[in-house]
Amino acid sequence: MRKIAPVIEAKDEPVFIPWTERELNWRESPIPFIEKNGWHGALISPSINGTNFRFFPYYLPFGQARPFHITENLELIIFVLEGQIEFGVGPSEDQLQYFQLGKYDTLFVPRGRGVDYRNSGPSDARYIMANSHVGGWPTECIYNIPGQKEPFVRKF
């Protein structure tokens with residue numbers, strides 16, 4: 001098997017990635033203490049970056065979650081391949097609308113909305129997240145971590 005880069009820039013030529021050449025990327029989280037709080041997942045490498053979109057397959061183990069986070073100038077599409085995931089979507093963590101997604105369900109998240117989510121099913125979940133930018137690509141993502149007074153700002 002050939003080694004594939006964790007991110008593929010796909011601008012001018014078609015890109016094909018066989019499923020058998022993907023792997024779980026258990027990278028260290030850029031968010032302090034995230035694993036301690038039960039917030040962990042893995043990118044199924046590689047992701048694909050186009051000129052105006054990004055494509056990320058993810059793995060979310062049973063019982064794991066992510067805190068509310070928001071990235072300006074992005075529209076998101078989430079497509080669940082297997083498992084069950086509860087997504088909260090809103091402009092802030094105290095204004096969330098919740099959606100239960102199962103196998104083959106799709107959720108669109110408009111620009112200016114953040115998300116939190118958790119694996120709400122009895123097994124691991126796999127899903128695809130694709131995003132496109134409105135204006136330029138964002139340079140940061142803001143996480144509201146329970147128990148922390150200030151938001152954590154992740155720079156890209």
Side-chain angles (χ1 to χ4, degrees), residues 1-89 96 98-111 113-134 137-145 152-156:
M1 180 189 319
R2 66 186 163 114
K3 183 70 174 168
I4 294 181
V7 176
I8 295 175
E9 298 293 329
K11 309 266 191 233
D12 300 318
E13 296 293 327
V15 173
F16 171 71
I17 304 163
W19 183 253
T20 57
E21 293 187 15
R22 290 191 173 275
E23 59 186 33
L24 287 178
N25 179 2
W26 291 99
R27 63 193 188 279
E28 277 192 41
S29 175
I31 306 164
F33 312 112
I34 201 162
E35 290 87 0
K36 169 175 104 170
N37 294 316
W39 299 322
H40 196 67
L43 180 67
I44 303 173
S45 292
S47 62
I48 299 174
N49 292 351
T51 303
N52 295 305
F53 78 94
R54 294 179 176 154
F55 172 91
F56 304 94
Y58 281 104
Y59 170 77
L60 188 62
F62 168 76
Q64 298 295 295
R66 281 296 226 206
F68 179 80
H69 53 288
I70 190 166
T71 305
E72 293 298 320
N73 298 332
L74 286 185
E75 295 178 325
L76 307 175
I77 295 278
I78 292 104
F79 180 79
V80 176
L81 297 168
E82 62 184 45
Q84 297 172 331
I85 306 172
E86 179 183 67
F87 274 86
V89 178
L96 297 176
Y98 285 93
F99 300 89
Q100 294 290 334
L101 279 72
K103 187 174 185 175
Y104 304 140
D105 287 342
T106 304
L107 176 65
F108 170 74
V109 179
R111 176 177 74 159
R113 305 295 171 99
V115 297
D116 73 4
Y117 52 93
R118 68 182 185 87
N119 182 329
S120 57
S123 61
D124 297 343
R126 287 175 175 75
Y127 63 101
I128 294 169
M129 194 255 318
N131 61 45
S132 65
H133 63 87
V134 179
W137 284 110
T139 58
E140 64 185 25
C141 181
I142 300 170
Y143 287 83
N144 293 342
I145 300 177
F152 173 75
V153 179
R154 177 183 174 202
K155 300 284 185 187
F156 303 125

Separation between [atom1] of [X] and [atom2] of [Y], rounded to the nearest 0.5 Å:
X	Y	atom1	atom2	answer
R111	H133	CZ	NE2	12.0 Å
S45	E21	OG	CD	13.0 Å
Y127	D105	OH	CG	15.0 Å
Q64	Y117	CD	OH	11.0 Å
I48	K11	CD1	NZ	11.5 Å
Y58	I44	OH	CD1	10.5 Å

Legend entry - More than 12 heavy atoms from other groups under 6.0 Å of CZ on F108: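 Yes, the 6.0 Å shell around CZ holds more than 12 heavy atoms from other groups.
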
Note, [X] side chain near [Y] side chain (heavy atom, < 4.5 Å):
X	Y	value
F99	V109	no
S47	V7	yes
W137	T71	no
H69	V115	yes
K155	T139	no

Inset, instruction - Begin with the C-alpha distance, continue with both residues' side-chain angles, and end with the deciding distance and a verdict on side chain to side chain contact (heavy atoms under 4.5 Å, CB included) for I8 and F55. - result: CA-CA 10 Å; I8 295 175; F55 172 91; over 6 Å; no

Inset, instruction - Quick one: closest heavy-atom pair of D116 and P67, and the distance? - result: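 Heavy-atom minimum between the residues: CB-C, 3.7 Å.
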
Legend entry - Least distance between heavy atoms, P46 atom then P57 atom: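 Heavy-atom minimum between the residues: O-CD, 4.1 Å.
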
Legend entry - Side-chain (N119) to main-chain (L60) donor-acceptor, under 3.5 angstrom: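 Here the side-chain-to-backbone pair exists.
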
Under 3.5 Å, sequence neighbours excluded: what are the donor-acceptor pairs made by side chains of residues 72-87?
{"unit_1": "E82", "atom_1": "OE2", "unit_2": "R126", "atom_2": "NH1", "d": "2.7"}
{"unit_1": "E86", "atom_1": "OE1", "unit_2": "R118", "atom_2": "NE", "d": "3.0"}
{"unit_1": "E86", "atom_1": "OE2", "unit_2": "Q100", "atom_2": "NE2", "d": "2.7"}

